[in-house]
Structure formats: structure tokens, C-alpha cells
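Report on the following structure.
Counting begins at 1 with the first residue of the sequence. Below, each value reflects all heavy atoms present in this structure, side chains not excepted, and no hydrogens, waters or symmetry copies.
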Amino acid sequence: MRKKTVKTSIIALTLSNVTLASLPVNAESYTLFANGYSDNYTPSVPVVDFFGSWKGAKEYNEGSKAIANNFFQIGVQYEALSFAIFYRYDYYLTMHPDVAEYRYTFHNDRDNLQDRDYIYDFKEQRLTTQGMRVGYNYQYNNKLTVTSYLNVLYSSKFQDRDIQNGYINGKTSLGDADADYHFSEDTLYGFLTVDDTPQGYGASLDFDISYQVNSTTKVDVNVKDAFHFVTWDESPYAQGNFQVDDFYYDDQDVLQQNPLTNLYTHEGSEQHSFTQHLPVRIDLGVEKIIAEKFDLSVQYQYNEVMDSVSVKGGYSPFADSNVAISYNFQRSALGLHSKYRTFYLDIMFDDVDFGYANSLSLFLGFEVSL
């Protein structure tokens, strides 16, 4: 296994850089803004290999989770109000470590699968959404500012898999699992058809709270996807037990196996409604100016899949500029940050060779007055 040359981690960008709360209220004109990020953490295999079949994955590490949040928006702000349209893709996975081990070995070193039952329990959510985002900035006093956002969501592409009591044998490929599975396309079993693309609608709330403790210290709280939901009135599904243990010989006298299923699906009965809820994300940050041109911040990030703590040190060589370096302890990673006036660029990685990175993220944004 290749030894990593640099151990790093993803650090979320300073809250003011990734939210509209930092945009100045301009009573004279409109402000055009565009920003986005791709934030990925896949500890089992490198990020570039994870979102494929895993075939050809360059290396494997034991892991039980994965996260991806990708977001881009473009919009305009006038005084305290803002409006944007956006595209986003979100992915959350929690699993037994056997799932990652079996999948990697099956696709890359199948002869070395062990003659044992691999536990195959996992919960996976994938969601692609588009929509609009309305924000309102309220300055309570000269210390406290609160910005709230309503996100209106539309989706026709999703996966929601809850697989429990599962196992699969490494040599015989026999297995059993209980499934609660909703989808826009059957990529799990591969034999269920979807005649009409499901249409889902929903909403979520975001909040940015900034409190200036004193002239040198500021506290920021950022909440994303509060009360998140997307509902499909008619969702394809498969619920019940799926078992593989029936063998037969095909026309070429090759041994094959049939799945024995006790699944209730949309093909055999009426479709039903389904609502997907993504995890709420909470960031808490404390920033302190420690000298005329130097600042230090600590940030805690939480969602139900994982949490992490990072530190960041910045330097402002001249007005309206900042360069910084950061480190995340749970993801063991490095972040490089830069900002000039209203433009910022940040990159986070855990290997200088991005093809081997298990943590790989990019944040980018700007704003201009019209």
C-alpha cells in the first residue's frame, strides 16, 4: 500500500466565506454573488475512486462512513434581502466496516475474499436538488447579526437505502438482508423498472448567527438543513427480505444463482409517498485577532454521520486580504485559504497527490456591485 506523503483533512471554510451573511448591505446598488463548494470525505478509498464502481481503486483503508456536500449558487442581494438559484448534491453513508472491505476486495482482488460471512449493514442517502434560496439579514444590535434562509427544493434523482441484518459470503456470494429502499432508479438490485420519473418537492432552513464579543473576538454559528425534507408523492420502492441461495445451470452449463425475494415493490402494488430527511449540519466557530495582522480560529463541525474539530491561523499582509493555513484533527488534514477583497479560494486535501486523497475539497466565491 502506498504511504501517504502528507496527512491532511478537510476544514470547512470560515463561516463568513461560505454564507451570504458576510455580504455587505449596500443601499445604493444590487450585489451580484456566486459561490460554491465541493466538500468530500471518503476514508475507505480515495475520493476519485469512491463515486464509481470502486474497480481500480488505488488503495483501501478500513472505514465506516462517507460524506459529500456539493453546492453552487448564483444570486443577487439588495439591502437586507437576497435571492439565489442553486444546484446541490449530497451524499451520506454509514456502514459496517465489512461492507467497504467486501466491496473493495470484490472489485479489485476477488480471489482473496475470505470464506466467511461479511456483515452487510449500511444506510445510504443520495440526493440531487435544484431550487431557489431566499435570505434575510437582521442586525439586532452592533454585536449580534442573524441571517436566515429558506431553501425551496426540487428533486427527481435520489437514493435512500437502509439495509439491515445483512450478510454475504465471500466465496459463495450467498447472502440475506432486510431492505427499506426508495429510489428514482434501481441501482441496488438492478431488476426493478421505473416508468415515470418521480418528482419531489421540499424545503429546508439555514441560519447564520454572528456575535461580536469584543473588538478582537467573534463567535459564529452556522446551521444548514434544519427541518430538511423532500417528499415524493409516488416513489418507487422495495421493502422486505432479499435472499440469494438458489443455484441453477444455464444453457451453457454454467452454474448461476437466482435471488429468492420476499420484497414488496412498486411493481407489484401501488406506489406510495416517501419523504427523505438529510442530516442537519452545525458549525460553531470562534475567531480571535491575536495581533495587528494575525488571527486564530477554532471550529467545531457536527452532523449525525461525524463531527470534527479544526484550527486555523491567518495573516493579513494588507487591507482586504488574508492568507491562512488550517488543520482538522479528525480528518488529519491541511487547508490552504486565500481571500482578496470579495474573492476567495480555499482548497483542502489529505494527500498532495489528489488521486490518493480521502479528503478533498474546494471552496470558491466572489461578489460584485452592480
Might you work through the side-chain contact (heavy atoms from CB on, under 4.5 Å) test for Glu101 and Val99, ending with a clear yes or no?
-> CA-CA 6 Å; Glu101 180 183 353; Val99 176; over 6 Å; no
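- Grouping the Ile, Leu, Val, Met, Phe, Trp and Tyr side chains by contacts below 4.5 angstrom, directly or via other members, places Val298 apart from Ile289.
- Proximity of a side-chain donor or acceptor of Asn35 to a complementary backbone N or O of Phe366 within less than 3.5 Å is not detected.
- Clustering ILVMFWY residues whenever any of their side-chain heavy atoms sit less than 4.5 angstrom apart, transitively, puts Leu93 in the very cluster that holds Phe51.
- Ile119 and Tyr102 are assigned to two separate hydrophobic clusters, defined by single-linkage of ILVMFWY side chains at heavy-atom distances under 4.5 Å.
- One distance of note links CD of Gln130 with OH of Tyr154; it measures 7.0 Å at 0.5 Å rounding.
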Verdict with reasoning, Leu334 to Ile325, per side-chain contact (heavy atoms from CB on, under 4.5 Å) = CA-CA 7 Å; Leu334 184 71; Ile325 187 170; 3.4 Å; yes
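- Both Val286 and Val309 are part of a single hydrophobic cluster, where members link through side-chain heavy atoms under 4.5 Å apart.
- Remark: side-chain polar atoms of Ser184 are paired, donor with acceptor, to backbone N or O of Phe158 under 3.5 angstrom.
- Defined by atom type and a distance below 3.5 Å, a donor-acceptor pair is missing between the side-chain atoms of Asp208 and Thr147.
- Minimum heavy-atom separation, Thr42 to Ala66: CG2-CB, 4.2 Å.
- Checked against the 6.0 Å centroid criterion, the rings of Tyr356 and Phe354 do not qualify as a close aromatic pair.
- The backbone N or O of Ser321 lies less than 3.5 Å from a partner atom in the side chain of Ser316, making a donor-acceptor pair.
- Formation of a donor-acceptor pair under 3.5 Å by the Gln77 side chain with backbone atoms of Glu79 is found in this model.
- Counting non-hydrogen atoms of other residues, nucleotides and ligands closer than 6.0 Å to CE of Met306 gives a total above 12.
- For Phe72 and Tyr87, the gap between ring centers reaches or exceeds 6.0 Å.
- A distance-only check finds a donor-acceptor pair linking the side chain of Lys58 to the backbone of Gly355 [under 3.5 Å].
- A donor-acceptor pair shorter than 3.5 Å cannot be found between the side chains of Asp178 and Gln164.
- Here the rule is side chain to side chain donor-acceptor pair (under 3.5 Å) with Ser326, and of Gln299, His337, Lys312 only His337 fits it.
- A pairwise comparison of heavy atoms in Gly200 and Val230 identifies C-CG1, 3.8 Å as the closest pair.
- At distances below 3.5 Å, not a single donor-acceptor pair connects side-chain atoms of Asp225 with backbone N or O atoms of His228.
- A donor and an acceptor atom, one from each side chain of Thr105 and Asn112, are nowhere located under 3.5 Å apart.
- Donor-acceptor pairing under 3.5 Å is lacking for the side chains of Asp121 and Asn165.
- Between Lys339 and Glu367, none of the side-chain N atoms (NZ, or NE/NH1/NH2) sits under 4.0 Å from a carboxylate O, so this pair counts as no salt bridge.
- Between Arg126 and Glu124 there is a salt bridge, with a side-chain nitrogen of the basic residue lying less than 4.0 Å from a carboxylate oxygen of the acidic one.
- Contact check on Arg331 versus Asp351 returns no salt bridge, with no Lys/Arg side-chain nitrogen under 4.0 Å from an Asp/Glu carboxylate oxygen.
- For the residue pair Asn151/Ser204, the side-chain donor-acceptor check at 3.5 Å is satisfied.
- One finds the OH atom of Tyr118 at 10.0 Å from the CD1 atom of Ile168 (value rounded to the nearest 0.5 Å).
- A centroid separation of less than 6.0 Å is found between the aromatic rings of Tyr37 and Phe71.
- Remark: the Asp307 side chain and the Tyr300 side chain contain an N/O donor-acceptor pair separated by less than 3.5 Å.
- Interatomic distance, Asn328 CG to Tyr41 OH, rounded to the nearest 0.5 Å: 8.5 Å.
- One finds the CG atom of Asp295 at 11.5 Å from the NZ atom of Lys288 (value rounded to the nearest 0.5 Å).
- Among all heavy-atom pairs drawn from Ala203 and Leu150, the shortest one is CB-CD1, 4.4 Å.
- Annotation: Asn141, atom CG; neighbour count of heavy atoms from other residues, nucleotides and ligands within 6.0 Å is above 12.
- A donor-acceptor pair is defined here as one N or O able to donate and one able to accept, closer than 3.5 Å; no such pair exists between the side chain of Asp115 and the backbone of Lys171.
- Other residues, nucleotides and ligands contribute at most 12 non-hydrogen atoms within 6.0 Å of the CD1 atom of Ile85.
- Using a 3.5 Å distance cut-off with no hydrogens or angles, the side chains of Ser38 and Asn40 do pair a donor with an acceptor.
- A donor-acceptor pair under 3.5 Å is formed between the side chain of Glu267 and the backbone N or O of Thr193.
- The heavy-atom pair separating Asp39 from Ser361 by the smallest distance is OD1-OG, 2.7 Å.
- In this structure, a donor-acceptor pair under 3.5 Å is present between the side chains of Thr187 and Gln159.
- Within the model, atoms OG1 of Thr217 and CG of Asn214 stand 4.0 Å from one another, a figure rounded to the nearest 0.5 Å.
- Between Tyr201 and Trp232, the distance from one ring center to the other does not fall under 6.0 angstrom.
- Remark: aromatic rings of Tyr327 and Phe329 are close, center separation under 6.0 Å.
- Asn222 contributes no side-chain N or O that, together with a main-chain N or O of Ile282, makes up a donor-acceptor pair within less than 3.5 Å.
- Side-chain rings of Tyr211 and Tyr140 stay apart, their centers remaining 6.0 Å or farther from each other.
- Between Phe274 and His182, the ring center distance clears the sub-6.0 Å criterion.
- Ser338 places a side-chain N or O within 3.5 Å of a backbone atom of Leu345 that can act as its donor or acceptor partner.
- Between Asp206 and Lys224 there is no salt bridge, since none of the side-chain N atoms of the basic residue sits less than 4.0 Å from a carboxylate O of the acidic one.
- In the displayed structure, Lys157 atom NZ is contacted under 6.0 Å by at most 12 heavy atoms of other residues, nucleotides or ligands.
- For Tyr136 and Tyr149, the ring centers sit 6.0 Å or farther from each other.
- Scored by the salt bridge (Lys or Arg N to Asp or Glu O under 4.0 Å) test, Asp90 finds Arg88 as partners (sequence neighbours excluded).
- For Gly63 against Ala100, the heavy-atom pair with the smallest separation is O-CB, 4.1 Å.
- Asp98 and Arg116 are joined by a salt bridge, as a carboxylate oxygen and a charged side-chain nitrogen come within less than 4.0 angstrom of each other.
- With sequence neighbours excluded, the residues forming a side-chain contact (heavy atoms from CB on, under 4.5 Å) with Asn108 are Ala57, Tyr104, listed by chain and number.
- Judged by a 6.0 Å distance limit and a 45° cone about the ring axis, Arg103 is not positioned over the six-membered ring of Phe106.
- Val352 and Val47 fall within a single hydrophobic cluster, where Ile, Leu, Val, Met, Phe, Trp and Tyr are joined by side-chain heavy atoms under 4.5 Å apart, directly or via other members.
- Looking only at atom types and distance, the side chain of Asn303 has no donor-acceptor partner in the side chain of Arg281 under 3.5 Å away.
- Aromatic ring centres of His272 and Tyr237: separated by under 6.0 Å.
- Atom CG of Asn169 is separated from atom CG of Leu174 by 6.5 Å, given to the nearest 0.5 angstrom.
- The heavy-atom pair separating Lys293 from Pro317 by the smallest distance is NZ-O, 3.3 Å.
- The aromatic rings of Phe242 and Phe191 lie parallel to each other, their planes meeting at an angle below 30°, with 60° marking the opposite boundary.
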